[in-house]
Amino acid sequence: MPAAKPLFDYPKYWAECFGPAPFLPMSREEMDQLGWDSCDVIIVTGDAYVDHPSFGMAIIGRLLEAQGFRVGIISQPDWHSKDDFMKLGEPNLFFGIAAGNMDSMINRYTADRKVRSDDAYTAGALAGKRPDRASLVYSQRCKEAYKHVPVVLGGIEASLRRIAHYDYWSDKVRRSILMDATADILLYGNAERAIVEVAQRLARGEPIESITDVRGTAFIRKDTPEGWFEIDSTRIDRPGKIDQIINPYVNTQDLSACSIEQQKGPQDDPEEAKPVELLPHPKLTRERTVIRLPSFEKVRNDPALYAHANRVLHLETNPGNARALVQRHDDRELWLNPPPIPLTTEEMDYVFAAPFQRVPHPVYGGAKIPAYEMIRFSVNIMRGCFGGCTFCSITEHEGRIIQSRSHESILHEIEEMKKVRGFTGVVSDLGGPTANMYRLACKSHDIEKHCRKPSCVFPGICENLNTDHSSLIKLYRKARALPGVKKILIASGLRYDLAVESPEYVKELVTHHVGGYLKIAPEHTERGPLDKMMKPGIGTYDKFKRMFDKFSKEAGKEQYLIPYFIAAHPGTTDEDMMNLALWLKANGFRADQVQAFYPSPMASATAMYHTGKNPLRKVTYKSEGVTIVKSEEQRRLHKAFLRYHDPKGWPLLREALIRMGRADLIGSGKHQLIPAHQPAVDGYQSARRKNSTPAGSKKAGQGGKILTQHTGLPPRSHDGNAWDKREQAKAAAEARRKAANGSGKPAGKGRKPQRPVAPR
């Protein structure tokens with residue numbers, strides 16, 4: 001991409017490079033070029049502004065633009081004062097606040113709570129361009145700049161913190177982000193419907209305080225309004241002995257009735273016959289029912305009530321039957337309306353048909369934005385996930401009902417993508433949260449509307465789930481038949497338990513859409529942690545592996561699966577990790593980049609981590625506890641088991657194996673895990689470091705390509721131990737050159753090049 005030109009040349013620059021549709025303005029000069037004296041909506045984001053449909057600020061900005069609103073962008077403002085938040089002037093309607101495509105704490109800190117050295121969503125990958133808890137800080141600065149302007153919170157950080165939640169970084173339960181952010185309303189989920197309705201109603205002159213009936217929103221109110229009836233959450237899922245429960249049919253506004261209910265005691269003889277008094281009340285319906293969760297103060301102090309609240313929250317996520325939720329914070333009530341209705345295919349097409357430039361704003365010049373580089377030539381074909389993995393937050397944000405685009409919309413986006421500078425004919429991904437859930441749904445809309453299961457594929461695939469992959473197969477064939485398209489890869493995560501239901505899909509995928517390696521995520525091999533993750537057993541992986549190998553061989557291709565695993569997940573014992581390590585060694589995998597469990601806000605696994613209770617089942621004070629890995633030493637041990645081949649972890653593993661009574665696994669035998677003796681000189685170097693551009697090199701400083709090792713494969717070697725055909729050819733050529741020059745061993749006398757060993 002060419003360097004940015006002066007602001008006064010922007011219209012010409014846009015027209016020459018990207019067509020007539022400009023970017024959303026980021027400065028007063030750009031507003032002047034557009035003839036704007038003010039913006040209707042100003043979006044403040046923690047990410048660099050990339051006008052691509054994979055970035056939230058671009059989707060929402062273009063959608064509001066299509067509705068006739070003038071939208072400005074303030075990207076990664078200096079949050080130390082209000083000045084940057086005033087550079088576009090006062091918005092006519094509201095500020096829209098989002099931390100970015102990631103929760104700001106996850107973006108900045110590793111699973112070990114260490115500060116990351118880079119930021120994938122910032123130009124030049126520079127760290128420190130956004131504050132911790134960015135949504136809070138941005139909201140407060142906007143209110144400081146223009147006190148009377150409404151502030152609307154959105155994005156994934158707001159979604160996952162919309163209720164009292166455990167915060168891993170402070171190791172405590174925090175209030176709803178809406179309580180601390182000084183914002184007026186919170187929109188959770190993708191929120192296209194909600195943001196358009198809020199904008200239109202504000203434009204009609206409605207005060208923000210009156211907008212309390214929009215699905216997918218959270219707001220603060222003083223009490224339950226007239227005509228609504230409360231049901232205590234413990235009536236739905238009683239956690240054990242708690243405070244006396246108020247009659248759920250008594251309106252909390254009727255204080256005298258509540259008082260009478262609370263004062264009822266055991267003084268009456270339960271055996272005494274009494275007349276039944278029928279009290280007339282309006283019909284109780286889901287549309288006018290709100291579930292009262294335990295208050296913030298209670299879930300903060302009582303782990304069982306926290307797990308209970310988390311369970312009830314997840315039970316109320318189906319848009320077809322979810323009820324409103326209310327949770328008291330001190331003297332205020334946090335109200336959450338039911339989740340938004342999923343977008344139809346036509347609505348999804350409308351959202352993605354906006355005139356995205358598909359590139360970063362020119363203000364960044366030639367600086368690379370790593371997250372954009374990864375997705376610049378990818379296409380999002382769907383959203384949502386019905387997998388229900390407990391460590392993942394996709395369902396909490398996007399919902400479990402799949403929303404898919406039409407073939408025509410997707411193919412049109414590929415055609416538009418071909419116009420972007422740098423396109424070589426390779427589409428890096430046709431996917432979404434899960435690559436092969438496109439157009440998969442319940443066979444019956446009525447059943448889907450009433451279902452309350454957290455997953456459609458655990459403990460097995462639901463008999464009502466349609467697993468027909470034919471539409472996705474047709475899409476793949478149409479896409480790769482487009483002129484100018486050389487290759488279409490699938491990089492999104494693949495649900496292999498669904499894929500094995502369609503051998504035709506696996507064959508299509510393996511034959512045409514795997515670039516040598518396919519990443520999948522069995523996550524573990526042992527039943528204990530897999531049940532807590534809501535993931536299928538390793539036998540399903542083995543079945544998929546056999547199909548993958550069979551179709552790869554038929555296609556005449558040498559291809560490999562790259563399995564991902566999680567260390568230290570709730571429910572995982574030391575023995576579980578030892579067995580996983582033995583499985584890895586038996587199958588020839590050396591996982592270099594390992595992933596430790598990261599407790600993201602609101603996830604079910606995070607509730608397990610914090611409480612030691614399992615919210616997948618009814619929670620009581622006597623519920624069986626969940627094994628939790630919290631100490632730094634045990635987390636290191638679990639990661640060391642995943643990297644059993646790294647000598648740096650051998651002392652820790654030897655000590656653990658002896659303590660576990662498995663000293664028989666220490667030695668040099670084929671079936672032993674680690675050697676008995678530590679190397680005198682530790683020459684081990686991680687594959688990531690081996691394959692990375694040396695620090696301080698000119699190539700690294702000039703944005704050169706940095707190679708990193710894929711999890712599950714042995715490291716690239718530059719001494720003749722190559723692992724793919726290309727590296728082998730290079731090694732052989734180097735050996736012949738050395739032999740000819742007399743400066744090395746003769747060709748063919750070195751060690752035989754090693755290939756990665758894949759599971760059988």
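Treat the numbers as computed from the prediction; the structure is a model and nothing was measured.
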Results of salt bridge (charged side-chain N to carboxylate O under 4.0 Å, His left out) for [X] - residues two or more places apart only:
X: R113; answer: none
X: E554; answer: K550
X: D132; answer: R108
X: K507; answer: none

Margin query: Can you list everything that forms a ring pair (Phe, Tyr, Trp, His ring centres under 6.0 Å) with Y496? Sequence neighbours excluded, please.
Written below: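 In terms of ring pair (Phe, Tyr, Trp, His ring centres under 6.0 Å), with neighbours along the sequence ignored, Y496 is linked to no residue.
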Item to check | Sequence-distant partners of F458, ring pair (Phe, Tyr, Trp, His ring centres under 6.0 Å), two or more places apart | outcome: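 F458: no ring pair (Phe, Tyr, Trp, His ring centres under 6.0 Å) contacts found.
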State whether a side-chain donor-acceptor pair under 3.5 Å links [X] with [Y].
X: R439; Y: S471; answer: yes
X: T573; Y: D576; answer: yes
X: T234; Y: H308; answer: no
X: D112; Y: T110; answer: no
X: D497; Y: T540; answer: no

Considering residues at least two apart in sequence or located in another chain, which fulfil the side chain to side chain donor-acceptor pair (under 3.5 Å) criterion with [X]?
X: R383; value: E192
X: S159; value: H397
X: D171; value: Y166

Query - Contacts of N301 that satisfy side chain to side chain contact (heavy atoms under 4.5 Å, CB included) - sequence neighbours left out - result: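 Counting only residues at least two positions away or on another chain, N301 forms no side chain to side chain contact (heavy atoms under 4.5 Å, CB included).
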- prompt: Residues two or more places apart in sequence or in another chain: which of them pass side chain to side chain contact (heavy atoms under 4.5 Å, CB included) with E624?
  reply: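 Partners of E624 by the side chain to side chain contact (heavy atoms under 4.5 Å, CB included) criterion come out as none, since no residue qualifies.
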Inset, instruction - Go through E501 and H469 one step at a time and tell me if the side chain to side chain donor-acceptor pair (under 3.5 Å) criterion holds. - result: CA-CA 9 Å; E501 297 295 311; H469 286 59; over 6 Å; no
- prompt: Is the gap between the ring centers of H512 and Y476 under 6.0 Å?
  reply: no
Practice prompt. Check the pair H569 / K532 against side chain to side chain contact (heavy atoms under 4.5 Å, CB included), numbers first and verdict last.
Written response: CA-CA 8 Å; H569 189 279; K532 302 303 183 297; 4.2 Å; yes
Q) Rounded to the nearest 0.5 Å, how far does CD1 of I177 lie from CG of D103? A)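 Between D103 CG and I177 CD1, I get 8.0 Å after rounding to 0.5 Å.
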Whether over 12 other heavy atoms sit under 6.0 Å from E633 CD: no
message = Check this for me: does any side-chain nitrogen of one of D302 and K298 sit under 4.0 Å from a carboxylate oxygen of the other?
response = no
Under 30°, 30 to 60°, or over 60°: which ring-plane class applies to H610 and Y306, parallel, tilted or perpendicular?
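Plane angle over 60°, so perpendicular.
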Salt bridge (charged side-chain N to carboxylate O under 4.0 Å, His left out) pairs touching residues 451-465, sequence neighbours excluded, are E316-R452
